[in-house]
**Q** 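Provided herewith is a single structure, encoded as structure tokens, for subsequent inquiry.
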Amino acid sequence: MIDPNDLAACREMIRTGSLSFHAASKLLPAAVRDPALALYAFCRVADDAVDEAVGSGHAEDAEVKARAVLSLRDRLELVYAGRPRNAPADRAFAQVVEEFDMPRALPEALLEGLAWDAVGKTYDTLSGVFDYSARVAAAVGAMMCVLMRVREADALARACDLGLAMQLTNIARDVGEDARSGRVYLPRDWMEAEGLSPEAFLANPVACDRIRRVTARLLAEADRLYQRSEAGVTALPLACRPGIYAARYIYAGIGGEVARHGYDSVSWRAHTGKAQKLGWLLLSATRAAASPFGPALAQLHAAPEPEVAFLVSAAARSRAHRGRSEALLSVLAQLEAQDRLLSRQRLGNRSRAV
């Protein structure tokens with residue numbers, strides 16, 4: 001079992017770093033909530049390590065981002081070797097990996113998404129945004145199913161729908177914040193169809209009607225996925241359903257706040273209050289209590305989005321596949337080459353200065 005001190009550290013990390021998940025997790029049974037806290041803490045540490053390196057766009061930032069991802073690769077290797085780094089999140093996640101036979105492809109999908117951030121990958125289409133969201137969010141949804149000991153493909157597909165929807169909501173909420181950090185996650189072809197150059201928007205991020213329409217369109221996609229994800233909740237253990245409904249409503253509520261402010265997430269960042277969260281928690285408990293008596297939804301059996309099919313396949317296997325994917329190896333090799341080049345450039349600049 002997870003050491004109580006490590007679990008307390010993970011809980012504090014989530015309490016201050018992921019308010020929405022912290023609220024939703026209160027409705028999960030302890031047997032799922034505790035390993036979920038360890039999972040989210042490890043993911044939070046990973047995400048923060050890369051995000052904190054995003055700043056002015058100078059070479060030093062790129063070097064720090066590359067090293068943060070490569071360090072995470074090494075930490076994940078140690079976790080799966082049963083020798084985690086001496087840190088609460090690493091030790092706790094190692095216990096989760098062992099107890100639940102967590103398929104390595106799932107956390108490595110998250111690693112690949114963070115590597116894409118580090119190399120500055122951009123997304124021309126909605127499918128590209130889905131590819132990214134599959135890695136940084138839907139992979140977490142699949143891992144949550146594993147923690148609930150649910151490995152049925154249909155339930156996993158709907159969990160991935162929820163992860164995609166939540167990430168699209170995050171992107172819609174953070175349009176301005178991302179732009180000021182030099183990043184655009186909106187589909188570039190949608191922006192161009194509105195006559196808005198992504199480069200021009202980055203140079204001068206303002207809440208014009210064009211960017212509002214793109215944001216509204218992305219939230220409409222999120223709403224479609226939230227609706228379809230609900231069919232999967234009834235495939236989960238009854239005790240887990242309130243927490244998953246809560247995640248669905250709390251994150252969708254963030255999108256609702258963006259909509260109420262005219263889809264302006266450039267000059268204002270949406271947030272929800274304690275009273276709203278309490279209302280969604282009560283609604284979630286009510287829906288979960290009624291769920292055994294409702295009809296089964298045909299959407300449960302809908303095919304997964306193509307971009308998440310690899311996650312469903314990996315999580316549904318009875319035995320975890322231990323090898324790294326070619327795509328992950330490729331982007332990590334790219335990061336290592338980038339890191340070496342930036343290090344040589346930095347040393348060369350120092351030599352010339354001397």
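Keep in mind that this is a model prediction, so the values were computed, not measured.
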**Q** Between Asp3 and Arg91, is there a side-chain N and carboxylate O pair less than 4.0 Å apart?
**A** no
**Q** Are the side chain of Arg158 and the backbone N or O of Ala231 linked by a donor-acceptor pair below 3.5 Å?
**A** no
**Q** Would you please say whether a donor-acceptor pair under 3.5 Å links the side chains of Ser181 and Asp178?
**A** no
**Q** Kindly state each residue pair satisfying side chain to side chain donor-acceptor pair (under 3.5 Å) with at least one member in residues 203-213, sequence neighbours excluded.
**A** Glu194-Arg213
**Q** Which residues satisfy the salt bridge (charged side-chain N to carboxylate O under 4.0 Å, His left out) test with Glu192, sequence neighbours excluded?
**A** none
**Q** I'd like to check the side chain to side chain contact (heavy atoms under 4.5 Å, CB included) partners of Leu281; sequence neighbours left out, ordered by chain and number.
**A** Leu27, Ala246, Ile250
**Q** Parallel, tilted or perpendicular: which describes the rings of His271 and Trp268, with under 30° parallel and over 60° perpendicular?
**A** tilted
**Q** Test of understanding: with ring-ring contact (aromatic ring centres under 6.0 Å, His included), list the residues that count as partners of Tyr132, not counting sequence neighbours.
**A** Tyr123, Tyr185
**Q** Is a donor on one side and an acceptor on the other found under 3.5 Å between the side chain of Ser133 and the backbone of Val129?
**A** yes
**Q** With sequence neighbours left out, write down each residue that passes ring-ring contact (aromatic ring centres under 6.0 Å, His included) with His301, or none if nothing qualifies.
**A** none
**Q** Backbone N or O of Gly120 within a donor-acceptor pair of the Asp117 side chain at under 3.5 Å?
**A** no
**Q** Does one side chain, of Ser291 or Arg241, offer a donor that lies under 3.5 Å from an acceptor on the other?
**A** yes
**Q** Would you mind listing every salt bridge (charged side-chain N to carboxylate O under 4.0 Å, His left out) that reaches into residues 283-300, with sequence neighbours excluded?
**A** Glu230-Arg287
**Q** Below 4.0 angstrom, N of the basic side chain to O of the carboxylate: do Glu108 and Arg135 qualify?
**A** no
**Q** Answer with yes or no whether the side chains of Ser127 and Glu307 bring together a donor and an acceptor at under 3.5 Å.
**A** yes
